[in-house]
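Reckoned from all heavy atoms, side chains included, excluding hydrogens, waters and symmetry mates.
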Amino acid sequence: QVQLVESGGGLVQAGGSLRLSCTASRRIFDMAMNWYRQAPGKQRELVARSLNADSAEILDSLKGRFTISRDNAKNTVYLQMNSLKPEDTAVYYCNALFGRAYWGQGTQVTVSS
């Protein structure tokens with residue numbers, strides 16, 4: 001079992017930044033760690049993924065604004081979001097793959113125009 005706890009969401013004006021954190025209940029060095037988001041009325045979409053400490057991929061449309069990173073020593077993965085836009089408004093979920101998929105509870109990000 002893996003528990004994931006996200007934090008860092010909130011309300012921000014367009015153009016602002018937020019950093020989301022996801023801390024796992026076990027070490028993450030051997031887990032793929034991902035961020036998804038789900039906007040109202042839309043399907044959940046993969047935003048970023050990190051297969052290991054040397055791997056970081058961002059959804060093409062978000063490249064240049066979002067960055068995923070991980071600190072294996074802290075069992076934590078981050079999503080740095082810059083130049084936020086109203087269309088980035090969504091619930092952001094942390095996901096870990098370790099035999100099966102594990103999900104965090106989600107953190108709300110609201111970007112006002």
Side-chain angles (χ1 to χ4, degrees):
Q1 284 285 353
V2 180
Q3 283 77 46
L4 302 172
V5 178
E6 300 112 332
S7 62
L11 173 65
V12 64
Q13 287 188 331
S17 297
L18 285 174
R19 188 177 80 157
L20 306 182
S21 300
C22 170
T23 300
S25 58
R26 71 174 299 282
R27 56 189 183 179
I28 65 170
F29 79 95
D30 53 352
M31 296 196 295
M33 302 295 294
N34 310 302
W35 285 98
Y36 285 76
R37 69 183 181 183
Q38 187 165 20
K42 295 188 177 181
Q43 288 189 330
R44 192 172 296 190
E45 65 174 351
L46 178 64
V47 171
R49 64 181 181 181
S50 173
L51 299 180
N52 52 55
D54 299 320
S55 166
E57 298 178 39
I58 300 292
L59 183 68
D60 283 348
S61 61
L62 300 177
K63 287 180 178 177
R65 296 195 299 121
F66 286 22
T67 304
I68 186 171
S69 61
R70 60 200 287 164
D71 186 337
N72 288 344
K74 295 182 178 179
N75 299 337
T76 299
V77 63
Y78 304 97
L79 183 68
Q80 178 68 43
M81 306 184 293
N82 299 326
S83 302
L84 283 162
K85 304 175 180 180
E87 52 263 43
D88 295 319
T89 295
V91 178
Y92 285 71
Y93 296 92
C94 181
N95 164 269
L97 299 178
F98 186 66
R100 48 155 282 193
Y102 295 89
W103 294 91
Q105 80 286 357
T107 186
Q108 176 70 47
V109 171
T110 302
V111 184
S112 63
S113 57

Ignoring hydrogens and geometry beyond distance, is a side-chain donor-acceptor pair present between Asn75 and Thr23 at under 3.5 Å? no
Among all residues two or more places apart in sequence or in another chain, which pass the side chain to side chain donor-acceptor pair (under 3.5 Å) test with Thr110? Gln108
Does Leu20 belong to the same Ile/Leu/Val/Met/Phe/Trp/Tyr cluster as Val2, with side-chain heavy atoms less than 4.5 Å apart forming each link? yes
Could you tell me whether Asp60 and Lys63 make a salt bridge, using a distance below 4.0 angstrom between a side-chain N and a carboxylate O? yes
Out of curiosity, Asn95 CG to Trp35 CH2, how far, rounded to the nearest 0.5 Å? 10.5 Å
Is the backbone of Val109 close enough, under 3.5 Å, to the side chain of Arg37 for a donor and an acceptor to pair up by distance? no
So which heavy atom on Arg27 is nearest to which on Asp30, and how close? O-OD1, 3.7 Å
Verdict with supporting geometry, Trp103 and Cys94, side chain to side chain contact (heavy atoms under 4.5 Å, CB included): CA-CA 6 Å; Trp103 294 91; Cys94 181; over 6 Å; no
Atom pair CG (Leu46) and CD (Glu57), whose distance is rounded to the nearest 0.5 Å: 8.5 Å
Smallest heavy-atom separation, Ala48 atom then Leu79 atom, equals CB-CD1, 4.0 Å
Same apolar cluster (I L V M F W Y, side chains within < 4.5 Å links), Leu84/Leu62: yes
Determine the minimum heavy-atom distance between Ser21 and Thr76, stating which atoms define it. CB-CG2, 4.3 Å
Testing the basics here: between Val77 and Ser69, what is the closest heavy-atom pair and its distance to 0.1 Å? CG2-O, 3.1 Å
Rounded to the nearest 0.5 Å, the NZ atom of Lys42 sits from the CD atom of Glu87 at a distance of 8.5 Å
Could you state the interatomic distance from CZ (Arg70) to OG (Ser55), rounded to the nearest 0.5 Å? 8.0 Å
Verdict with reasoning, Asp88 to Met81, per side chain to side chain contact (heavy atoms under 4.5 Å, CB included): CA-CA 9 Å; Asp88 295 319; Met81 306 184 293; over 6 Å; no
Derivation of the side chain to side chain contact (heavy atoms under 4.5 Å, CB included) call for Ile58 and Ile68: CA-CA 7 Å; Ile58 300 292; Ile68 186 171; 4.0 Å; yes
For residues Ser17 and Ser83, report the shortest heavy-atom separation together with the two atoms involved. OG-N, 4.2 Å
Taken in chain and number order and not counting sequence neighbours, the residues that satisfy ring pair (Phe, Tyr, Trp, His ring centres under 6.0 Å) with Phe66 are none
Taking the six-membered ring of Tyr78, is NZ or CZ of Arg19 closer than 6.0 Å to its centre and within 45° of its axis? yes
Step by step, work out the side chain to side chain contact (heavy atoms under 4.5 Å, CB included) result for Tyr36 and Val47. CA-CA 5 Å; Tyr36 285 76; Val47 171; 5.6 Å; no
To the nearest 0.5 Å, what is the distance between CG on Leu97 and CG on Leu51? 8.5 Å
Can you tell me how far apart OG (Ser113) and CD (Gln13) are? Round to the nearest 0.5 Å. 9.5 Å
Short question: side chain of Glu6, backbone of Gly106 - any donor-acceptor pair under 3.5 Å? yes
For Ala56, is there any backbone N or O sitting under 3.5 Å from a side-chain donor or acceptor partner on Ser50? no
Flag yes if Tyr92 and Leu59 sit in one hydrophobic cluster, no otherwise; membership is Ile, Leu, Val, Met, Phe, Trp, Tyr, and two members link when side-chain heavy atoms are under 4.5 Å apart. yes
In short, Ala53 meets Asn72 closest at the heavy-atom pair CB-ND2, 3.8 Å
Is the Lys NZ or Arg CZ of Arg26 less than 6.0 Å from the centre of Tyr102's six-membered ring, within 45° of the axis? no
